[in-house]
Novice: 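Have a look at this one.
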Amino acid sequence: MSVEAPPNLKVDLADASRRLESASAWDILRWSVETFGPKLTMATAFGPEGCAILHMLSHVDPDHQVRVFNLDTGYQFPETLRLRDRIAERYGIEVELVGADTTVAQFEAANGGPVYSKEPDRCCFERKIVPLRRAVVGYDAWISSIRADQSADRARADVVGWDAKFDLVKVNPLLRWSRRDVWAFVVANAIPYNPLHDQGYPSIGCWPCTRAVAEGETDERAGRWAGQAKTECGLHSLDSSQL
Ligand code: SF4
């Protein structure tokens with residue numbers, strides 16, 4: 001993610017990125033809420049990282065001025081959708097479901113069946129990227145839950161930088177955290193998490209494109225688009241050809 005941004009941006013991103021690089025996730029979140037206020041938004045797929053950030057956000061943003069949304073592709077696991085309710089009960093944060101402009105039935109009927117099996121990049125584009133672009137109109141910045149050690153693309157991200165793909169500042173509070181750090185925080189704070197993680201799913205996306213990992217598989221994203229070259233839905237990749 002580049003720190004180059006439009007010249008009229010009110011924040012010096014290069015300076016913020018430098019200062020926040022070694023800051024705690026709490027301080028990064030606090031800075032982003034103070035800097036962007038209601039012009040800050042967050043997308044979450046309810047992974048453990050996202051749930052950890054929501055826990056922090058409930059303290060840092062007690063008035064819920066930050067709008068949080070989930071890209072509801074229509075293909076999410078029921079466990080994921082139930083987690084949304086558990087988050088609302090625990091934190092009072094109502095995560096908005098942002099869907100595509102067609103139902104799954106309409107989408108599949110228009111395309112002669114499921115698109116995820118034949119053209120997963122197009123499926124992700126239409127069910128995730130297009131709704132995300134629409135959801136962030138009018139916002140100045142968004143929070144994501146990526147960690148640098150999840151993929152090569154994510155390793156190139158900055159804690160704070162310009163996201164040219166969506167024309168927003170992107171804030172990654174957990175960028176320097178490890179998977180172990182995340183789970184230690186989740187457990188220590190009894191944060192609600194997706195029960196599928198206890199059933200062999202380290203990373204959870206849509207049900208057609210997610211499988212449990214086998215014993216001995218060390219790549220936590222091995223169960224995502226298994227057997228395909230695809231590794232990202234396109235939200236966090238730097239390579240626009242993945243769209
Ligand atoms: Fe479609 Fe699979 Fe992408 Fe979900 S993860 S939007 S089902 S291709």
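Note that ligands are numbered from 1 as they come in the structure, with each ligand's atoms numbered from 1 the same way.
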Novice: Check each atom of ligand 1 against the heavy atoms of Cys206 and keep those under 4.0 Å away; list them by number with element.
Specialist: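 Ligand 1 atoms under the 4.0 Å threshold to Cys206: 4 (Fe), 5 (S), 7 (S).
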
Novice: Enumerate the atoms of ligand 1 whose separation from the nearest heavy atom of Tyr75 is less than 4.0 angstrom.
Specialist: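 By the 4.0 Å cutoff, the relevant atoms are 7 (S).
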
Novice: For Asp27, is there an ion pair with Arg30 - N to carboxylate O distance below 4.0 angstrom?
Specialist: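 Result for this pair is yes, salt bridge flagged.
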
Novice: Is it true that Arg134 and Asp101 make a salt bridge, defined as a side-chain N closer than 4.0 Å to a carboxylate O?
Specialist: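 The answer is yes: the pair qualifies as a salt bridge.
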
Novice: Find all atoms of ligand 1 within a distance of less than 4.0 Å from any non-hydrogen atom belonging to Tyr116, and give their numbers and elements.
Specialist: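 Those atoms are 1 (Fe), 2 (Fe), 7 (S), 8 (S).
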
Novice: By number and element, which atoms of ligand 1 are closer than 4.0 Å to a non-hydrogen atom of Pro120?
Specialist: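 Once the distances to Pro120 are compared, the set is 8 (S).
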
Novice: Would you mind checking if Asp163 and Lys165 are paired as a salt bridge, meaning a charged N to carboxylate O distance below 4.0 Å?
Specialist: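 No, no charged N to carboxylate O under 4.0 Å.
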
Novice: So does Arg179 pair up with Glu49, basic N to acidic O under 4.0 Å?
Specialist: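 Result for this pair is no, no salt bridge flagged.
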
Novice: At a threshold of 2.8 Å, where the distance has to be below it, does atom 2 (Fe) of ligand 1 have an N, O or S atom of Cys209 nearby?
Specialist: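 Short answer: yes, at least one N, O or S atom is under the cut-off.
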
Novice: Look at Cys123 and state whether any of its N, O or S atoms is less than 2.8 Å from atom 1 (Fe) of ligand 1.
Specialist: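 Yes.
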
Novice: Numbering the atoms of ligand 1 from 1, which are under 4.0 Å from a heavy atom of Cys124?
Specialist: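 That gives atoms 3 (Fe), 5 (S), 6 (S), 8 (S) of ligand 1.
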
Novice: Side chains of Asn70 and Thr44: donor-acceptor distance under 3.5 Å anywhere?
Specialist: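 No.
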
Novice: Restricting to non-hydrogen atoms, name the atom on Gly205 and the atom on Thr210 that form the minimum distance, rounded to 0.1 Å.
Specialist: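 Result for this residue pair: N-OG1, 3.1 Å.
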
